[in-house]
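One structure is given below, encoded as C-alpha cells.
Order of the sequence lines fixes the chain letters, A, B, ..., with proteins taken first and strands second; residue numbering starts at 1 for each chain. All figures in this text were calculated on a predicted structure; none of them were measured in a lab.
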Amino acid sequence: MSIFVDETTRVVVQGLTGGQGRFHGLRNRDYGTKVVAGVTPGKGGTDVDGIPVFDTVEEAVAVTGATASFVSVPPRFAGDAVLEAAKAGVSFVVCITEFIPAKDEAYFFNLLRDEYPGTRLLGPNCPGIISPGKCNIGITSGDIALPGGPVGIVSRSGTLTYQAIHELSQQGVGQTTCVGIGGDPVPGTSFIDCLAAFEADPETKAVLMIGEIGGADEEKAAAFIAEHFSKPVVAYIAGQTAPPGKKMGHAGAIISGSQGTAKAKMDALAEAGVIVAPNPTAAGEAMVEIIHKLG
Amino acid sequence: MDLFEYQGKQFFARYGIPTSPGGVAETVEESVRQAVAAEFPAVIKAQVQVGGRGKAGGIKIAGNEEEARAHAQAILGMDIKGHLVKRVWVEHASDIAKEYYASYTLDRSAKLYLLMLSAKGGVDIEEVAATDPGAIVRRHIDPVEGVDREMLEEAVESAGIDPEARQGVADVLEALYRAFVEGDADLVEINPLILNTAGKVHALDAKVTLDDNAAFRHPEWAEWAKTVEYDGRERLAKERGLNYIGLSGSVGIIANGAGLAMSTLDVVNQVGGSAANFLDLGGGASADTMAAALEVINTDENVEAVLVNIFGGIVRCDEVAKGILEALNRVELRAPMVIRLDGTNADLAREILAPHVSPRLVVEGTMLAAARRAVEIVNENKGA
C-alpha cells in the first residue's frame, strides 16, 4: 500500500501549459501516473501532448474525474489555484510553487482547515510525492525510487529526499511512499500527518524522516512518535552547523532565538526512541540495517 | 528584509500608528535641522540593525542646537558591534510615563498569527519571557478571521495595561494588525510602546521584517531595498541569482538544494572542518550557474578547498559534470576542488571527469569521503 496516492489517483495539473507544469506533468505521466487533465484559464479546449486542458478545475474534475491536483503556477496565483482545487472537490493538492508570501500561505492553510477539511494540501515549496511504481506527482526523478516498500520517507528537503531514496534503493530497500512536505513556514501537510498515515499502512514497516532547522514540527513529531507510533523511525536533521538568524535557503529554515535548533530537534527525537543519525548516509545505513533485521 | 527604525516608522505611518514627530538625517547639519524641526529636547538615534545601540552610546538627547550638533557628530560614523552608523533618526524626546510591548508574528507551530502584549516594555522581551512569562499575554489569531476590537480590548486588560492607556493601546493594536497583514510583514514589533505624560500612546521604536516573497505587490518597498546592507560577496551572489550565505570557515561549499547544502555544512563540520559558506545552486546546476558559484567563492580568501556536492535527479550528473568542466574553463579557481556527484548517471559523470582528475580536481564517491578529502586539503595547506 501507499499513503495519500496510489495507482488509481487521477491528476489534474494546474499550470500544465506553463514551462514547469508541462515539463513535470509530462514526466509524471511518463512515469505511469494517470495525468488526466490540465487547467489554464483561457486555454480550455486545447491540449498538451494529448492531455486535455480546461479553463477551470471544476470542469476538469467533472469531465475527467480527477481526484488530485498538481499546482505549478507562479507565486501570486498559487493561493487562488489551491483554493480552486479545494472548491472543486479535489481531495489531494500538491503545490510545488516556491516563494509564496507567508500571509497567503497562512490564509489558505487555515481556510482549508476550516472550510475544506476533505482536501489535503502538500506543500507549498515541496518536491511532491512518489509512491514508487504507482504514482509520482511533482518533481522527483522516478528512476531513483524502488517499488515495493517497506520504507516510508517523509522529508522537508527535496535533494535530501532524493539522496535518501537513492541510498535505500541502491541497497535494494524499496519505498512505499516518499513525501516531500516542503521547506516553507506553513506546510499544508506536516510530519505528524505523514507519520499517522504510515502507521495505518501495513506495508510500511519503518520510516525515514528528514527534518531541518526552524519551526517546531520535528519536536511535535517526536511527541507524536512517543505516543502513537509503533514502527521504527530513523531521523536526520539538516542544519546542525547553521548560524542563528540566517535563512538557509528554505523560508522555513531559520533559527530564531533559541527555537528551531537542530540540537533541540535531535534531542527530542532521540528521547522519543528515534534513531538519530548525524548525516544522510548514516541515516540510510541505519535504515538498511533495520530492514535487514526485520527480515 | 529588516527595516531600519526610521523605515519602520515610515511603514507605521502608512497604517496610522502614531510615532513622535521626527526625521532621518545623514549629515550633522541635517541632524541639527531635524532636531530644530522636531523641537527640543530632541533624541538622536543611530540607525543600525543591531541590539544594544543605547548602551553603545548610539542614542543621545539634545537640549539645544549645540548639543544636537555634538551628538550627531559623535554618532554618525560610529561603529556599533561592527555596524557603521550611516544615518540617524531625530525625533522630539518623549516624556515617558509607561512603557509597554506589542508585536504580531506568525506562530509556525500553531499555524496562526500571534499577538504578544506586555505591560513590561522597554526591556529585552526574550528576557521577560524567560524570567516572567506571565507578564506576556499571547493571543492566537486565525488569519481567515482576523482581529476584532473585543478580543484586543480583552488582551489589553489581561496584560495589565494601565486604564488610561487601554483605549490608545487597543487603537495601536488594531492599526498594527493591518500593518502586519496588509503590509506583508513577517514581524511587527513596538518596544517600547509608550504612554506619555500627556496621556497619549505611541510607538517609540519600530522593528519590522518584511516578507521578501511579497515584494511583487509592494512597489513602495523598492526604496527600502536600496539600503539593505550586504557584504560584497553576498551582493555578487544575489546578482547572480544564487542563494548564498557567507560563513567564516575554509571549505567553500556548492550544492544543489537547500537541504543538501545544509547537510554538506554538517558533514564538513563532522570531519573536523568548517564551511566558508552556504551556497545552494537551486535545481539547475548548469555551466552558467556553476561558473557564477565559482566566481563568488573565488573572491573569498578564506577558502582553501571547494567542495561541490551534487545529487542528480532530473538534472543528470553527466550534464552537471560537463557544466563543471566548462565553468572551470571560464573561471580560474584559486583553491583545489573536490567533487561528489551522485544519482542519475553518476557513473557517466565520473567517466567525463576522469581525464581531468589532478591534485586540484578530486572526485569522490560519497559525501563523507568528499568532505574528508576537502578538509585534508585545508590541513595540508596549513602544514605547508
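Interface remark: B:Ala255 contributes no atoms to any contact with chain A (heavy atom separation under 4.5 Å). Contact of B:Leu368 with chain A is made through the side chain alone, with heavy-atom distances under 4.5 Å. Heavy atoms closer than 4.5 Å to chain A are found in both the backbone and the side chain of B:Asn213. Heavy-atom distances place the side chain of A:Lys220, and not its backbone, under 4.5 Å from chain B. When heavy atoms are compared at a cutoff of 4.5 Å, B:Tyr113 approaches chain A solely by way of its side chain, counted from C-beta outward. Interface remark: A:Leu111 contributes backbone and side-chain atoms alike to the contact with chain B (heavy atom separation under 4.5 Å). Residue B:Leu279 does not touch chain A at all, counting heavy-atom pairs closer than 4.5 Å. Residue A:Tyr107 touches chain B through both its backbone and its side chain, counting heavy-atom pairs closer than 4.5 Å. Proximity to chain B (any heavy atom under 4.5 Å) is shown, for A:Phe108, by neither the backbone nor the side chain.
Of the N and O atoms on the side chains of A:Thr241 and B:Asp266, at least one donor lies less than 3.5 Å from an acceptor on the other residue.
Here the shortest heavy-atom pairing between A:Asn110 and B:Lys111 reads ND2-O, 2.8 Å. Closest of all the heavy-atom pairs between A:Ala106 and B:Pro143 is O-CG, 3.7 Å.
Ring geometry for A:His166 against B:Phe311 counts as perpendicular: the plane angle is over 60°, on a 0 to 90° scale with 30° as the lower cut.
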| request: Quick one: do A:Asp104 and B:Arg217 satisfy salt bridge (Lys or Arg N to Asp or Glu O under 4.0 Å)? Show the steps, please. | output: CA-CA 12 Å; A:Asp104 298 10; B:Arg217 54 190 174 212; 2.6 Å; yes

